[in-house]
Structures are given as C-alpha cells and as structure tokens.
Asker: 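After the structure tokens below, expect a handful of questions from me.
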Protein chains: 2
Amino acid sequence: EAVMVSGIAYDKDQCRITVRQVPDRPGIAAAIFTPLAAAKILVDMIIQNASLDGKTDMTFTICRGDLDQTLEILEGVKAELGAGEVLYDTQVCKVSAIGVGMRNHSGVAAKMFTTLKKENINILMISTSEIKITCLIEEKYTELAVRTLHDVFELAAGQ
Amino acid sequence: EAVMVSGIAYDKDQCRITVRQVPDRPGIAAAIFTPLAAAKILVDMIIQNASLDGKTDMTFTICRGDLDQTLEILEGVKAELGAGEVLYDTQVCKVSAIGVGMRNHSGVAAKMFTTLKKENINILMISTSEIKITCLIEEKYTELAVRTLHDVFELAAGQ
Ligand SMILES: C[C@@H](O)[C@H](N)C(=O)O
Ligand SMILES: C[C@@H](O)[C@H](N)C(=O)O
C-alpha cells in the first residue's frame, strides 16, 4: 500500500534530441533507432507522445559525447522520413525518484511535481515506469532539485 | 554486454488520456496529478514530451474503470490551467519488452520497433526505462504484437 521512494538519481550527461513532426505511421520509430543502434549510440530515454493530425515528435536522450554523430545520422534519416527539423538541448539533466511498487505512483508523482514547482523548476519532459518517475529539467537546477527531493521524500544524502 | 529481453508484458486495461496544449511552466504537472492522486486514481504511464512555443501535451494512462472520474477531475482543472481539450482513447494496449541491463537498449528498441513495423502495427506512444521498452498500440493488435515479439526475442510463450 505505502509506496516507498528509496532514492533520487540524477544524470547530468544527457542531451535531449527531438525529431520534430515525424509522420505517425508504422516504420518511423524503426527508421530512427535502427541506424542509431547500428552506430552503437547509447540511447537512454525515448519519449513519443500520441499524435494529432498524423504527426508527432520523437524525443530521446543520449550522452553529450554522442551528439555530433547522432545529428549526422538523423540528418540522413530525416529527409527519407519526411520529418521536420531536428532540435537538441545539451543543458539538461535527468532526475528520477526511484522506488518499488510504484504501480500506484500517482501520489509520488504528484509530490515530485509539486516539489519542483515550489522551487520554480520547469519540468521539460516526464516519463514513468513502475520503479521510476523521471523528469528532465534544466541542468542548472540539478543540485536544487536533488536536494529538495531528498528532503521531501525524507532520504539521507546519497540515497 | 548482451542485453537480454526476458519477457514480453502487456496490459489491455488501459485508457490513454491527453490534456492538450498545457502551458509549459512550473506547476502544471502538479496541478494535473495532485487531484488525481487525491482521488486515488491509479495512473500508469505518464508521458510529456518537450514543448515548442511554450505549450505541450500531457498524456497518461489509467484503467478503463477510472475514465469517467478522471475526465470529471480534468474538466475542473483544464480551465484553471488554460489547457486545450482533453482527449481519450479506450482501445489501446500497453506492450513492453522487459529486460535487465537495458541501459544500452537502442538495439532492443530498434528490434521491437522493427517487429511492430513488419506487422504494420502503428506505435501510438513510446516510453522507456532501463528495464522496459513500452509501446502503446491499438488494442486489436495485442495478440499479434505479443506473439511476434515472443518469436523475435526467442521467448517461450508465457515469458
Ligand atoms: C511515430 C512512430 O512511433 C510511428 N507511429 C511508428 O510506428 O513507427
Ligand atoms: C508541462 C509541465 O510539465 C510543466 N512544465 C510543469 O513543470 O509543470
């Protein structure tokens, strides 16, 4: 019943890439990630929301060291996909509340989002699973976000 | 090194809700999920992609039984948020490839997306973590998706 948050994790070596306005039809996700996998680029978060009007944005995060190669691969793919521009943001950090049994995690999610709001930290992206609620935020707020989340979830530093 | 997919999970009791065009400023995510948590609505996936022009879509999945109450709560919030319409889709299914060590999961993701493409199954939403690559698809393709993913990842039925 009680959902326990057991730690706060963060990763500053993240770069967000968004392939804008990809057609929402079978094969597009495969066309983007097959060449990245072939180049052994470590893709971390992948987020794609539901489309409207047959187009959606495909976003994923990579390590900053892979940015140039990733952009080069995507330039090649984008024309063939009929996608719009490829945007990227290197000043981001991934912050996650980790727990177990977070299947009913709406309370934990609400608490995490409220904590960030109180510090005026904008949430750029959200992705959740049963063990993690992950927010992408601007890198400059990393220390503030991690410290206040530790306090709110009553965790010792380093958890 | 080798990323092992240990199972394919699926959940047909899913309903996708999208709050369209929410302002991308601190407090919005908190304003949506706090009342849902207070009503004890079990929120499963939460997906929010990066915004353009200061607006983004907030999508999450719930059990179908919670649809009416969720829509009612969101109607109350949407005006205060300045959000656009609330859309929903009850004919969806969440299919996930589960593994360990999927930090380098771009190969597994590419393989999953390619498998769905070959069956002409459109991927409506994507969300990933180190242990899961999750795709939302139309419910009618559930059996086909689960069976072909088992084959491609060489899993026994029931894994
Ligand atoms: C947008 C992308 O996910 C597309 N729907 C596909 O199936 O590949
Ligand atoms: C869109 C929503 O995530 C908003 N950026 C917030 O911080 O609440």
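Proteins come first, then strands; the chains are lettered A, B, ... in the order of their sequence lines, and each starts at number 1. These numbers come from a predicted model, not from an experiment. FYI, side chains are in, hydrogens and waters are out, and symmetry mates aren't considered; it's all heavy atoms of this structure.
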Asker: Would the distance check show the side chain of A:Asn49 and the main-chain N or O of B:Asp57 forming a donor-acceptor pair, the cut-off being under 3.5 Å?
Answerer: yes

Asker: If you round to the nearest 0.5 Å, how far is CZ of A:Phe113 from CD1 of B:Ile28?
Answerer: 12.5 Å

Asker: Strictly distance-based, threshold 3.5 Å: is any side-chain N or O of B:Thr128 a donor or acceptor partner for the main-chain N or O of A:Ile46?
Answerer: yes

Asker: Applying the 4.5 Å side-chain criterion to the ILVMFWY set and letting contacts propagate, would B:Leu124 and B:Ile17 be lumped into a single cluster?
Answerer: no

Asker: List the atom of B:Lys117, the atom of A:Ala30, and the distance in Å for their closest heavy-atom pair.
Answerer: CD-CB, 4.2 Å

Asker: Do A:Leu67 and A:Val92 land in one hydrophobic cluster if side-chain heavy atoms of ILVMFWY residues count as linked below 4.5 Å?
Answerer: no

Asker: Which region of B:Ala29, side chain (C-beta onward) or backbone (N, CA, C, O), has a non-hydrogen atom less than 4.5 Å from a non-hydrogen atom of chain A, or is it both or neither?
Answerer: both

Asker: Ignoring hydrogens, what is the shortest heavy-atom contact between A:Ala37 and B:Ala110? Give both atom names and the distance.
Answerer: CB-CB, 4.2 Å

Asker: Measure the CD1-CE distance between A:Ile47 and B:Met45 for me, rounded to the nearest 0.5 Å.
Answerer: 9.0 Å

Asker: Report whether A:Leu136 and A:Ile133 are members of the same hydrophobic cluster (ILVMFWY, side-chain heavy atoms less than 4.5 Å apart, transitive linking).
Answerer: no

Asker: Considering all heavy atoms of both residues, which atom of B:Ala50 and which atom of A:Thr18 are nearest to each other, and what is their separation?
Answerer: CB-OG1, 4.4 Å

Asker: Could you look at B:Leu52 and say if it's the side chain, the backbone, both or neither that has a heavy atom under 4.5 Å from chain A?
Answerer: side chain

Asker: Based on non-hydrogen pairs under 4.5 Å, which of B:Thr34, B:Asp89, B:Asp24, B:Thr114 is most in contact with chain A?
Answerer: B:Asp24

Asker: Go through the atoms of B:Leu116 and report whether side chain, backbone, both or neither lie under 4.5 Å from a heavy atom of chain A.
Answerer: neither

Asker: Under 4.5 Å, counting heavy-atom pairs only, tell me which of A:Ile121, A:Thr134, A:Leu36 racks up the most with chain B.
Answerer: A:Ile121

Asker: Under 4.5 Å between side-chain heavy atoms, counting indirect links through other Ile/Leu/Val/Met/Phe/Trp/Tyr residues: same cluster for B:Met58 and A:Val108 or not?
Answerer: yes

Asker: Using heavy-atom distances under 4.5 Å, tell me whether B:Leu87 contacts chain A through its side chain, its backbone, both, or neither.
Answerer: side chain

Asker: Without swapping roles, check the side chain of A:Gln48 against the backbone of B:Ser127 for a donor-acceptor pair under 3.5 Å.
Answerer: no

Asker: Has B:Glu143 got more than 12 heavy atoms of other residues, nucleotides or ligands less than 6.0 Å from its CD?
Answerer: yes

Asker: Would you say A:Met125 and A:Ile98 are hydrophobically clustered, going by side-chain heavy atoms of ILVMFWY under 4.5 Å?
Answerer: no

Asker: Just verifying a value: how many Å separate A:Ile126 CD1 and B:Phe60 CZ, rounded to the nearest 0.5 Å?
Answerer: 11.0 Å

